[in-house]
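This report refers to the structure that appears directly beneath it.
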Amino acid sequence: MNPINESFYQKPTLELAKSFLGMLLVHEAEDGITAGWIVETEAYIGPEDRAAHSFNNRRTKRTEVMFGKAGYVYTYVMHTHCLVNIVSGEVGHPEAVLIRAIEPYIGLEKMYERRGFDKKEQQLTNGPGKLTKAMAITQELYGHPIFQNPLYLVEGNVPKTIESGPRIGIGNSGEAREYPWRFWISENQFISR
DNA sequence: TCGCCGATCGGCT
DNA sequence: GCCGATCGGCGAA
């Protein structure tokens, strides 16, 4: 399992968000390895995107990494959950792709241990906050290069059919609410909704 | 410093 | 479907 090269991330954000589908996300955490196929993503293309944290070129300690090179991890905390993104676009263009759901592949036992043994397999990773907990992805990984240990992507299978639609949970974002920038693998059991 | 708000989740109706 | 938990980031003062 070799990490995908840094050059892979040098493509337009919408294209990148689609190309992630079917690829394997791997985390070699200290307490165990987990991995899963990416089945759902969302693109955030600031500064024009009202739903993006980088809207209006808002540059803060939190959004700083999005202004840098593609292929680095942007994590942030939402309520009590950590959400994971991969920075995209050219330097100075604050864009990123949110990983919304994965299909468990390696380390299922570890995922149950972290999420609770009462969960059904389908509930382990079918949401952006759930998959980070199952894979032990935390704020420590902010700024991590996604083409290196311990968190990286591996080549996978190209999905049969991809669908797209409006993004989830961004109700107060004007026109941006309608942009079909959410992508998922058709009929996959692990998408968030 | 304070107050508001959210790219969520899980439990309850 | 609806709602409350819960907490860091951000802007206002």
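Quick note on labels: first sequence line is chain A, next is B, and so on, each numbered from 1. Owing to the predicted nature of the structure, the values given are computational and were not obtained by experimental measurement.
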Rounding to a whole Å, what distance do you find between [X]:[atom1] and [N]:[atom2]?
X: A:Asn56; N: C:dG11; atom1: CG; atom2: P; value: 10 Å
X: A:Arg58; N: C:dA12; atom1: CZ; atom2: P; value: 11 Å
X: A:Leu98; N: B:dA7; atom1: CG; atom2: C1'; value: 6 Å
X: A:Phe55; N: B:dG6; atom1: CZ; atom2: P; value: 14 Å
X: A:Leu124; N: B:dC9; atom1: CG; atom2: P; value: 13 Å
X: A:Arg177; N: B:dG6; atom1: CZ; atom2: C1'; value: 15 Å
X: A:Glu42; N: B:dT8; atom1: CD; atom2: P; value: 8 Å
X: A:Arg50; N: B:dA7; atom1: CZ; atom2: P; value: 12 Å

For A:Tyr74, is there any backbone N or O sitting under 3.5 Å from a side-chain donor or acceptor partner on A:Asn85?
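Present.
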Between A:Tyr142 (side chain only) and A:Arg62 (backbone N and O only), is there a donor and an acceptor less than 3.5 Å apart?
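Checked: pair present.
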Nucleotide nearest [X] (side chain, heavy atoms from C-beta), chosen from [options]:
X: A:Ile170; options: B:dG10, B:dA7, B:dC9; answer: B:dA7
X: A:Pro128; options: B:dG10, B:dC9, C:dT6; answer: B:dC9
X: A:Thr60; options: C:dC10, B:dG10, C:dA5; answer: C:dC10
X: A:Met78; options: B:dG10, B:dT8, C:dT6; answer: B:dT8
X: A:His79; options: B:dG10, B:dA7, C:dT6; answer: C:dT6

Sugar-phosphate only, base, or nothing, as touched by A:Arg62 at under 4.0 Å among non-hydrogen atoms
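Sugar-phosphate only.
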How is A:Asn172 classified with respect to the nucleic acid when contacts are heavy atoms under 4.0 Å: base, sugar-phosphate, or nothing?
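A:Asn172: backbone/sugar contact only, no base atoms under 4.0 Å.
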Would you mind telling me which residue lines up with the more 5' stretch of DNA chain B, A:Arg115 or A:Ser173, judged by nearest nucleotide?
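So the residue in question is A:Ser173.
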5' precedence on DNA chain B between A:Gln123 and A:Gly169 (nearest-nucleotide basis)
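By nearest-heavy-atom nucleotide position, the 5'-most residue is A:Gly169.
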Does the ring of A:Tyr44 meet both stacking tests against the six-membered base ring of B:dA7: centre distance under 5.5 Å and plane angle under 30°?
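Yes, A:Tyr44 stacks on the base of B:dA7, since the ring centres sit under 5.5 Å apart and the planes are within 30°.
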Kindly state whether the pair A:His81 / B:dT8 counts as stacked, where counting means centroids closer than 5.5 Å and planes tilted less than 30° apart.
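The base of B:dT8 is not stacked with A:His81 (the test needs centres under 5.5 Å and planes under 30°).
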Hey, is the side chain of A:Lys61 poking within less than 4.0 Å of OP1 or OP2 on C:dC10, counting only N and O atoms?
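So the side-chain polar atoms of A:Lys61 never come under 4.0 Å of the phosphate oxygens OP1 or OP2 of C:dC10.
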Measure the acute angle between the ring planes of A:Phe117 and A:Tyr112, then classify it against the limits of 30° and 60° as parallel, tilted or perpendicular.
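Rings of A:Phe117 and A:Tyr112: parallel, under 30°.
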Any A:Phe190 side-chain heavy atom under 4.5 Å of A:Pro104 side chain
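Sidechains of A:Pro104 and A:Phe190: in contact.
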Reference residue A:Ser54; test side chain to side chain contact (heavy atoms under 4.5 Å, CB included); the match among A:Arg59, A:Met66, A:His93, A:Glu64:
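Testing each of A:Arg59, A:Met66, A:His93, A:Glu64 against A:Ser54, the sole residue satisfying side chain to side chain contact (heavy atoms under 4.5 Å, CB included) is A:Met66.
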Is there a Watson-Crick or G-U wobble partner for B:dG10 with both distances under 3.5 Å, and which nucleotide is it?
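Matched B:dG10 with C:dC3 under the 3.5 Å cut-off.
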Searching all strands shown, indicate the nucleotide that pairs with B:dC2 (Watson-Crick or G-U wobble; both distances under 3.5 Å).
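Its partner is C:dG11.
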Distance only, no hydrogens: is a donor on one side chain within 3.5 Å (strictly under) of an acceptor on the other, for A:Tyr44 and A:Glu42?
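Side-chain D/A pair, A:Tyr44 to A:Glu42: present.
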